[in-house]
Amino acid sequence: MYKLVLILCLFVTIFSKAQEFSLPKLNYSFTSLEPVIDSVTMRVHYTKHHQGYVTNLNNALKSQPQKSLDSILMSVSKYPTAVRNNAGGHFNHTLFWECLTPGGRELKGDLLQEITKTYGSLDSLQKLMTTQGTTLFGSGWVWLIVNKENKLQVITSINQDNPIMDLAPIQGAPILGIDVWEHAYYLKYQNKRADYLKNIWKIINWEFVSAKYLDQTKKWKK
Ligand code: MN3
């Protein structure tokens with residue numbers, strides 16, 4: 001009996017640990033996004049800021065039943081503010097890292113067609129996102145989303161909010177997210193957020209963004 005309890009305790013410990021959120025692996029090195037994003041910014045952003053959101057999210061959820069990150073975000077209004085901030089922070093940064101790649105990737109195919117149809121050109125979309133990100137007051141994000149009408153839309157959010165959250169004013173599926181918090185650019189660009197946003201287009205992984213776009217439009221056509 002004693003042994004059985006011990007084994008059960010061990011199982012519960014391993015199982016509950018496995019449920020905890022963790023920092024995703026980066027597909028590139030801290031130096032490889034230079035000169036657009038410097039390596040010190042990358043290291044601090046990933047190992048301190050993103051890790052902080054993950055640690056704080058796990059702590060904030062200790063007494064709550066564990067769910068997927070998406071399902072937490074979709075009912076985030078029922079959770080304390082700490083969960084809103086840190087679940088948002090974890091989701092947003094995970095997407096952000098995937099949207100970036102050394103040297104960037106070319107945009108082609110269905111998403112290029114849809115961007116051209118909606119905004120006239122990729123250049124116009126980039127200018128719109130740069131302007132919206134630059135004029136957003138305080139800390140937040142600028143997003144390209146597929147909205148509920150299955151159309152592309154550019155929106156911003158404050159703090160670590162995102163368009164998946166049930167309390168978002170405009171909801172949709174984010175396919176590209178750009179961090180405009182000062183911690184994302186200040187060491188290199190200081191107060192020049194617009195310069196950071198103009199440069200970031202050199203390292204956008206449009207292959208990844210296109211794949212997300214196709215996935216999402218398929219899901220919502222069903
Ligand atoms: Mn950040």
Side-chain angles (χ1 to χ4, degrees), residues 20-58 68-70 72-73 76 83-107 111 125-126 129-130 132-133 136 139-146 154-165 168 172-189 193 195-216:
E20 288 211 333
F21 294 107
S22 59
L23 205 57
K25 211 183 153 294
L26 271 189
N27 294 322
Y28 42 81
S29 69
F30 296 143
T31 54
S32 61
L33 300 180
E34 287 186 348
V36 177
I37 301 177
D38 62 283
S39 63
V40 179
T41 297
M42 274 306 294
R43 193 175 69 241
V44 174
H45 201 172
Y46 176 76
T47 65
K48 305 292 180 195
H49 291 277
H50 191 170
Q51 180 63 65
Y53 298 121
V54 170
T55 305
N56 293 337
L57 175 62
N58 287 330
S68 74
L69 190 56
D70 281 29
I72 291 170
L73 292 169
V76 84
V83 173
R84 175 178 175 176
N85 291 339
N86 293 292
H90 180 33
F91 177 94
N92 298 350
H93 286 84
T94 301
L95 179 69
F96 182 54
W97 307 134
E98 290 187 296
C99 288
L100 304 178
T101 193
R105 292 277 192 289
E106 196 193 341
L107 172 63
L111 181 58
L125 169 72
Q126 289 172 349
M129 290 186 76
T130 301
Q132 291 222 9
L136 176 69
S139 299
W141 291 75
V142 57
W143 307 96
L144 178 63
I145 67 165
V146 180
V154 173
I155 59 163
T156 57
S157 65
I158 55 159
N159 302 326
Q160 293 297 352
D161 285 359
N162 67 46
I164 294 181
M165 291 181 173
I175 58 171
L176 168 62
I178 300 173
D179 192 344
V180 297
W181 281 56
E182 281 188 347
H183 68 224
Y185 62 85
Y186 204 85
L187 289 180
K188 183 178 164 73
Y189 296 91
R193 189 192 279 181
D195 287 356
Y196 155 72
L197 283 171
K198 273 175 205 151
N199 275 334
I200 205 158
W201 301 108
K202 296 172 189 162
I203 53 167
I204 296 296
N205 188 347
W206 285 109
E207 268 173 31
F208 170 81
V209 180
S210 292
K212 282 209 75 87
Y213 170 74
L214 289 180
D215 268 8
Q216 196 53 50

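Numbers for residues simply follow the sequence, beginning at 1.
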Which heavy atom of [X] sits nearest to which heavy atom of [Y], and what is that distance?
{"X": "Leu33", "Y": "Pro102", "result": "CD2-N, 3.6 Å"}
{"X": "Ile164", "Y": "Phe91", "result": "CD1-CZ, 3.1 Å"}
{"X": "Leu95", "Y": "Phe208", "result": "CD1-CE2, 3.8 Å"}
{"X": "Trp201", "Y": "Leu176", "result": "CZ3-CD2, 3.9 Å"}
{"X": "Gly88", "Y": "Asn162", "result": "CA-ND2, 4.1 Å"}
{"X": "Ile145", "Y": "Pro163", "result": "CG2-CG, 3.6 Å"}

With distance as the sole test, does [X] use its side chain to make a donor-acceptor pair with the main-chain N or O of [Y] at under 3.5 Å?
{"X": "Asn92", "Y": "Gln160", "value": "yes"}
{"X": "Arg193", "Y": "Gly133", "value": "yes"}
{"X": "Asn58", "Y": "Phe21", "value": "yes"}
{"X": "Lys212", "Y": "Cys99", "value": "no"}

Does [X] reach the side chain of [Y], with side-chain heavy atoms less than 4.5 Å apart?
{"X": "Tyr196", "Y": "Asp179", "result": "yes"}
{"X": "His50", "Y": "Thr94", "result": "yes"}
{"X": "His90", "Y": "Pro24", "result": "yes"}
{"X": "Val142", "Y": "Leu136", "result": "no"}

| said: What verdict does the side-chain contact (heavy atoms from CB on, under 4.5 Å) test give for Thr101 and Asn27, after you've listed the backbone C-alpha separation in whole Å, the side-chain angles of each residue and the deciding distance to 0.1 Å? | reply: CA-CA 8 Å; Thr101 193; Asn27 294 322; over 6 Å; no

| field | Between Ser39 and Glu34, a side-chain donor and acceptor under 3.5 Å | value | yes

| query | Looking just at side-chain N and O atoms, do Tyr189 and Asn199 make a donor-acceptor pair shorter than 3.5 Å? | reply | yes

Roughly how far, to the nearest 0.5 Å, is the [atom2] atom of [Y] from the [atom1] atom of [X]?
{"X": "Leu214", "Y": "Leu111", "atom1": "CG", "atom2": "CG", "answer": "7.5 Å"}
{"X": "Leu144", "Y": "Gln132", "atom1": "CG", "atom2": "CD", "answer": "11.0 Å"}
{"X": "Gln51", "Y": "Asn56", "atom1": "CD", "atom2": "CG", "answer": "9.5 Å"}
{"X": "Arg43", "Y": "Tyr46", "atom1": "CZ", "atom2": "OH", "answer": "13.5 Å"}
{"X": "Leu187", "Y": "Asp38", "atom1": "CG", "atom2": "CG", "answer": "5.5 Å"}
{"X": "Ile200", "Y": "Asp195", "atom1": "CD1", "atom2": "CG", "answer": "12.5 Å"}

| Parallel, tilted or perpendicular: which fits the ring planes of Trp141 and Phe96, with parallel below 30° and perpendicular above 60°? | perpendicular

| query | Is there a side-chain contact (heavy atoms from CB on, under 4.5 Å) between Leu100 and Ile204 once you walk through the steps? | reply | CA-CA 5 Å; Leu100 304 178; Ile204 296 296; 4.0 Å; yes

| Which residue pairs pass the salt bridge (charged side-chain N to carboxylate O under 4.0 Å, His left out) test when at least one of the two sits in residues 84-93, sequence neighbours left out? | Arg84-Asp161

| said: Looking only at the aromatic ring of each residue, does the gap between the centers of Trp97 and His45 stay below 6.0 angstrom? | reply: yes

| message | Could you walk me through whether Tyr213 and Val146 satisfy the side-chain contact (heavy atoms from CB on, under 4.5 Å) test, starting with their C-alpha distance in whole Å, then the side-chain angles of each, then the deciding distance to 0.1 Å, before giving a yes or no? | response | CA-CA 7 Å; Tyr213 170 74; Val146 180; 3.8 Å; yes

